[in-house]
Amino acid sequence: MTQSDQQLARRLETATRNLLERRAETASICPSDVAREVYDGDDDGWRDLMEPTRQAAWRLAAAGEVEVTQGGRPVTENEARGPLRIRRARHSD
């Protein structure tokens, strides 16, 4: 991963955390919300950030910070097919 790739990865992870912080505790976000937040243009160039955004979500999920869901149910990267949502990890106390 190049330095610019690493910087983009950190920006996407930070944007994911920040967007979730601004939402209700049980709310989820779409990866496109994150891509749009990070993209520095007015066109649809944010779409090129969708795969890096998904990869950032999987890294955060592996670290226990978020859950990636489909149909409201947490999924693994191997199970996921189609549209995803991201929410804060639900920790049992």
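Along the sequence shown, residues carry numbers from 1.
Here Asp33 contributes atom CG and Trp46 contributes atom CH2; the two are 9.0 Å apart, rounded to the nearest 0.5 Å. Within the model, atoms CG of Leu84 and CD1 of Ile29 stand 11.5 Å from one another, a figure rounded to the nearest 0.5 Å. Separating the OH atom in Tyr39 from the CG atom in Asp48 is a distance of 7.5 Å, to the nearest 0.5 Å. We find the CZ-CG distance between Arg23 and Asn18 to be 11.5 Å, quoted to the nearest 0.5 Å.
Salt-bridge check for Arg90 with Glu25: failed, with every basic side-chain N at 4.0 Å or more from each acidic carboxylate O. Ion pairing of Asp44 with Arg36 is absent here, as no side-chain N (NZ or NE/NH1/NH2) approaches a carboxylate O to less than 4.0 Å. Checked for salt-bridge contact, Arg88 and Glu67 miss the test: no charged N lies under 4.0 Å from a carboxylate O. Note on Arg10 versus Glu13: no salt bridge recorded, every NZ/NE/NH1/NH2 to OD/OE distance being 4.0 Å or above.
Formation of a donor-acceptor pair under 3.5 Å by the Arg11 side chain with backbone atoms of Val38 is found in this model. Put simply, the side chain of Arg54 never gets that close to the backbone of Glu77: no donor and acceptor are under 3.5 Å apart.
Residues Gln55 and Met50 are not in side-chain contact: their nearest non-hydrogen atoms beyond the backbone lie 4.5 Å or more apart. Between Ile86 and Ser28 the shortest side-chain heavy-atom distance does not fall below 4.5 Å. Residues Leu49 and Leu8 are in side-chain contact: their nearest non-hydrogen atoms beyond the backbone lie under 4.5 Å apart. Taking 4.5 Å as the limit, every side-chain heavy atom of Arg85 sits out of range of all side-chain heavy atoms of Val68. Contact of the Val66 side chain with the Leu20 side chain is registered, since non-hydrogen atoms from C-beta on lie closer than 4.5 Å.
Minimum interatomic distance between Gln70 and Pro83 (heavy atoms only, all atoms of both residues): NE2-O, 2.9 Å. The two atoms that bring Ala89 and Gly64 nearest to each other are CB-O, 3.2 Å, heavy atoms only. Residues Leu12 and Val34 approach most closely at O-CG1, 3.6 Å, considering heavy atoms.
Within 6.0 Å of the CD atom in Gln6, the count of heavy atoms belonging to other residues, nucleotides or ligands exceeds 12.
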*Does the pair Val75 and Arg73 meet the rule for a side-chain contact (heavy atoms from CB on, under 4.5 Å), with working shown?*
CA-CA 6 Å; Val75 292; Arg73 175 181 83 73; 3.8 Å; yes

